[in-house]
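For reference, the structure is listed below as structure tokens.
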Protein chains: 2
Amino acid sequence: MTRQKRAVAAVLAETNEFTSAQELHARLREHGERVGLATVYAQLRGLADTGAVDSLRSESGETLYRRCGLSGHHHHLVCRQCGRAVELDAPEVEAWAHTLGQRHGFRDLEHVLEITGICDRCAAGPPRGATV
Amino acid sequence: MTRQKRAVAAVLAETNEFTSAQELHARLREHGERVGLATVYAQLRGLADTGAVDSLRSESGETLYRRCGLSGHHHHLVCRQCGRAVELDAPEVEAWAHTLGQRHGFRDLEHVLEITGICDRCAAGPPRGATV
DNA sequence: ATCGTTGCAAATGTTTTGCATGTCA
DNA sequence: TGACATGCAAAACATTTGCAACGAT
């Protein structure tokens, strides 16, 4: 357990939003924590492997990470503007995906479901004075 | 309408599987068509924008493209081994995603659903003599 | 002392861009 | 002709890796 590991865990714990490795690295610097970018990547990969964080690929090609609340398989509802995320349990979809896969002769089924939208806060308009 | 545009459309029409820009470019060379890599990327981006092809990001970070059969919004069941894809219509999921998003105060909802598995052909085992 | 972790810089791989040239309408 | 497409090489970008120094147990 190193200082860097703790630091990465700390920034991850700070937010509920999906964040890129680059941004997390920047945030660490802001906090005065000196952690190498390569180390951040290594940590995140490790955490994602063990399921301690969720990861998904943004439209722009970055991999985004978020500390994981639910332990098992689940989905996300993510705000396209602010990145705020809600974790979802979706038994119906699980069943549906499974049935449908089998009907087509597929096995070892997995699936990815991400719902995106604009959350109520963002829809309410940018905070007064913001230059967005 | 240029020779290159036709050529890209042609290779796309050849297969039902998700294919990377790099691979499509290679395939064009095999066909003796001389098309620049940058042009292939430009074409694919354009086609994806107009919805003429579907695109998704592979786990390895490449963007994969596939000519689109269904015109509207739909999902895919993709074989992780051979890339074979089945296009799916999923009204139940549409409704579910929409309801759930609204319940959480999100608007302008979109969603991505990809189901992956091993298709029957691949599950039947590798052809005899293969060294997998 | 040992072995995994770190961190820099360089490498990798995909995609984009600048810009001169070619080509369709 | 005149705007737009092309294509090369170089840039931009995220991510990974090689390897020497470091630090936790």
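In this model, no donor atom of one side chain and acceptor atom of the other lie less than 3.5 Å apart for H104(B) and D120(A). A side-chain N or O of H31(B) and one of E14(B) form a donor-acceptor pair less than 3.5 Å apart.
Taking atom CD of Q4(A) as the reference point, atom C1' of dG7(C) lies 9 Å away to the nearest angstrom. If you take CG of L37(A) and C1' of dA14(D), they are 9 Å apart, rounded to a whole angstrom. Distance CD (E59(B)) to C1' (dT15(D)): 15 Å, rounded to an integer number of Å. Distance, H25(B) NE2 to dT16(C) C1': 15 Å, rounded to whole Å. Atom CZ of R3(B) is separated from atom P of dC24(C) by 9 Å (rounded to the nearest Å). When rounded to the nearest whole Å, the span between CZ of R57(B) and P of dG13(C) equals 17 Å. Rounded to a whole Å, the CG atom of L24(B) is 13 Å from the P atom of dT14(C). Atoms NZ (K5(A)) and C1' (dT5(C)) sit 7 Å apart, rounded to a whole Å.
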Quiz prompt | side chain to side chain donor-acceptor pair (under 3.5 Å) between H75(B) and E87(B), worked out | solution = CA-CA 6 Å; H75(B) 304 287; E87(B) 276 170 341; over 6 Å; no
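Between A38(B) and A42(A), the residue whose closest nucleotide on DNA chain C is further toward the 5' end is A42(A).
Put simply, Q22(B) has no side-chain N or O that comes within less than 4.0 Å of OP1 or OP2 on dG13(C). Between dT16(D) and Y41(A), no contact under 4.0 Å exists linking OP1 or OP2 to a side-chain N or O. The shortest distance between the side-chain N/O atoms of R34(A) and the OP1/OP2 oxygens of dG7(C) is not below 4.0 Å.
Here the two rings, on Y41(B) and H25(B), have centers that are 6.0 Å apart or farther.
When distances are taken from the side chain of T2(A) to each of dT16(C), dA24(D), dT17(D), the shortest belongs to dA24(D). The side chain of Q43(B) has dT6(D) as its nearest neighbour among dT15(D), dT17(D), dT6(D). Counting only heavy atoms from C-beta on, V35(B) has its side chain closest to dG7(D) among dG7(D), dT16(D), dA14(D). Side-chain proximity of T39(A) to the nucleotides dT15(C), dT6(D), dG7(C) is greatest for dG7(C). Between dA14(D), dT15(C), dG7(C), one nucleotide has an atom nearer to the side chain of T63(B) than all others, and that is dT15(C).
Salt bridge annotation for R29(A)-E33(A): absent, with no cationic side-chain nitrogen under 4.0 angstrom from a carboxylate oxygen.
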